[in-house]
Number of protein chains: 2
Amino acid sequence: MNISAAAERSGVPPKTIRYYENIGLVRPQREANGYRVFRESDVHKLTFLGRARALGFGIEDCRALLALWEDEARASAEVKRIAADHLAEIDAKIADLRDMRETLADLVDHCRGDDRPDCPILKSLQA
Amino acid sequence: MNISAAAERSGVPPKTIRYYENIGLVRPQREANGYRVFRESDVHKLTFLGRARALGFGIEDCRALLALWEDEARASAEVKRIAADHLAEIDAKIADLRDMRETLADLVDHCRGDDRPDCPILKSLQA
DNA sequence: GATGGGGGTTCCAGTAGCTGGAAGGTCAAG
DNA sequence: CTTGACCTTCCAGCTACTGGAACCCCCATC
């Protein structure tokens with residue numbers, strides 16, 4: 001299977017697949033002409049990576065998860081720890097964004113948004 | 001005022017101040033020895049930038065907001081538009097994160113996290 | 001006058017995770 | 001034989017800094 005087929009089947013774009021190979025997340029074989037050849041197992045890995053990334057896991061987390069996935073003797077505790085840590089980070093981000101959102105929404109609400117210069121948004125940034 | 005004093009008073013670190021000068025957000029004067037000299041107005045600008053960044057505005061938004069702030073003849077509608085757009089982006093990010101969070105929390109909840117290999121988190125990434 | 005320390009300066013590289021684009025090789029069809 | 005759709009590598013750029021190296025400046029002290 002060529003890279004574009006693997007991309008289509010895994011949902012991971014060709015550019016990204018090459019990048020993943022670059023950083024050692026996948027190791028497709030090569031044909032005599034230099035083209036990458038993807039086996040089913042490569043496509044499965046890519047799909048796995050795509051899902052993990054969609055859940056917001058960083059690349060190094062993905063690397064670790066992939067290794068655990070391939071390790072039949074893994075302890076699920078390790079997986080859970082990685083996921084729980086990530087969940088905590090997401091919660092922190094959400095909290096930050098909510099704070100921003102609240103402040104910003106207040107400011108937007110109180111700005112008339114007409115052609116006059118008076119603006120509580122700017123005032124708040126200034127004060 | 002030297003850069004470290006300006007940093008302390010504005011809350012923006014020296015490195016970041018230099019970066020902001022680099023991209024044209026502030027233009028401190030220079031002494032004969034090459035040291036930057038910050039006036040009150042520079043400190044005000046930096047403080048403004050610090051607050052805008054803390055609300056999550058991107059650098060280019062900051063540039064625009066700064067220009068509007070300095071323009072006595074601005075229309076508050078412009079400011080409001082920038083802020084409202086940014087608010088929408090924040091809302092979108094929060095929504096994305098919440099989706100992730102929900103899925104992830106479910107997975108974490110259902111993983112026993114012991115020393116056995118069976119793991120619904122990995123199963124979900126695989127399937 | 002030398003020295004030491006705490007400022008300041010510039011410039012380069014790296015961070016995360018791709019993505020766009022250039023320059024060029026390969027292959028099947030017409 | 002050429003066209004067009006693939007594929008390859010490599011380099012640059014994105015966001016907003018941040019760390020670090022190498023070097024300059026100024027003041028106080030010995």
Side-chain angles (χ1 to χ4, degrees), chain A residues 1-38 42 45-46 48-66 82 85-86 89-90 92-93 96-97 100, chain B residues 1-38 42 45-46 48-66 82 85-86 89-90 92-93 96-97 100:
Chain A
M1 189 182 340
N2 275 347
I3 196 167
S4 60
E8 201 161 329
R9 294 206 24 213
S10 65
V12 178
K15 276 276 194 190
T16 304
I17 296 178
R18 291 194 192 98
Y19 172 67
Y20 286 170
E21 185 190 16
N22 230 350
I23 62 175
L25 284 182
V26 282
R27 304 188 189 283
Q29 295 177 316
R30 297 286 180 140
E31 282 189 272
N33 60 13
Y35 285 21
R36 290 170 183 82
V37 189
F38 295 82
D42 294 318
K45 267 196 201 182
L46 288 169
F48 182 98
L49 288 169
R51 284 180 214 275
R53 293 286 303 122
L55 285 179
F57 285 104
I59 289 289
E60 290 315 312
D61 277 352
C62 288
R63 195 190 301 279
L65 289 171
L66 204 49
I82 294 173
D85 285 359
H86 179 47
E89 278 169 27
I90 287 180
K93 263 187 206 161
D96 282 358
L97 284 172
M100 282 183 194
Chain B
M1 189 179 344
N2 275 348
I3 196 167
S4 60
E8 201 161 329
R9 294 208 23 215
S10 64
V12 179
K15 275 277 193 190
T16 305
I17 296 177
R18 292 195 191 98
Y19 172 67
Y20 286 171
E21 185 190 17
N22 230 349
I23 61 173
L25 284 182
V26 283
R27 304 189 190 282
Q29 294 177 318
R30 297 286 179 140
E31 282 189 271
N33 61 12
Y35 286 21
R36 289 170 183 82
V37 188
F38 294 84
D42 292 319
K45 267 196 200 180
L46 288 170
F48 182 97
L49 288 170
R51 284 180 214 275
R53 293 287 302 123
L55 285 179
F57 285 105
I59 288 290
E60 289 316 311
D61 278 351
C62 288
R63 195 191 301 279
L65 290 171
L66 205 49
I82 294 173
D85 285 359
H86 179 47
E89 277 169 27
I90 288 181
K93 263 186 207 162
D96 282 356
L97 285 172
M100 280 184 197

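Residue numbers start from 1 in every chain, and the chains themselves are labelled A, B, ... in the order their sequence lines are given, proteins ahead of strands. Heavy atoms only: backbone and side chains are in, while hydrogens, waters and symmetry mates are out.
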In the structure I gave you, are the side-chain heavy atoms of [X] and [Y] within less than 4.5 Å of one another anywhere?
X: B:Ser4; Y: B:Glu8; result: no
X: A:Leu49; Y: A:Val26; result: yes
X: A:Lys93; Y: B:Lys93; result: no

Can you tell me if the side-chain N/O atoms of [X] get under 4.0 Å from OP1 or OP2 in [N]?
X: B:Arg30; N: C:dT10; answer: yes
X: A:Asn2; N: D:dC6; answer: no
X: A:Arg53; N: C:dA16; answer: no
X: A:Thr16; N: C:dG17; answer: no
X: A:Asn33; N: D:dT8; answer: no

Nearest to the side chain of [X], heavy atoms from C-beta on, is which of [options]?
X: B:Arg36; options: C:dT9, D:dC17, D:dG19; answer: C:dT9
X: A:Arg18; options: D:dT9, C:dT9, D:dA16; answer: D:dT9
X: A:Ser4; options: D:dC17, D:dC6, C:dC18; answer: D:dC6

What integer distance in Å separates [X]:[atom1] from [N]:[atom2]?
X: A:Ile59; N: C:dT19; atom1: CD1; atom2: P; result: 11 Å
X: B:Ile17; N: C:dG8; atom1: CD1; atom2: C1'; result: 13 Å
X: A:Phe57; N: C:dA16; atom1: CZ; atom2: C1'; result: 17 Å
X: B:Glu21; N: C:dG8; atom1: CD; atom2: P; result: 14 Å
X: B:Lys15; N: C:dT15; atom1: NZ; atom2: P; result: 16 Å
X: B:Phe38; N: C:dG8; atom1: CZ; atom2: P; result: 9 Å
X: A:Glu60; N: C:dA16; atom1: CD; atom2: P; result: 8 Å
X: B:Asn22; N: D:dT15; atom1: CG; atom2: P; result: 15 Å

Value rounded to 0.5 Å, distance of CD1 in A:Ile59 from OH in A:Tyr19 | 5.5 Å
Does the base of C:dG25 carry an N or O that pairs as donor and acceptor with the side chain of A:Tyr35 under 3.5 Å?
->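 Side chain to base: pair found, below 3.5 Å.
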Tell me what A:Ile3 touches on the nucleic acid: a base, only sugar-phosphate, or nothing, going by heavy atoms under 4.0 Å.
-> sugar-phosphate
Passing option when B:Phe57 is tested against B:Arg63, B:Arg51, B:His86 for side-chain contact (heavy atoms from CB on, under 4.5 Å) |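 Only match with B:Phe57 under side-chain contact (heavy atoms from CB on, under 4.5 Å): B:His86.
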The residue, B:Pro14 or A:Tyr19, whose nearest nucleotide of DNA chain C is more 5′ is B:Pro14
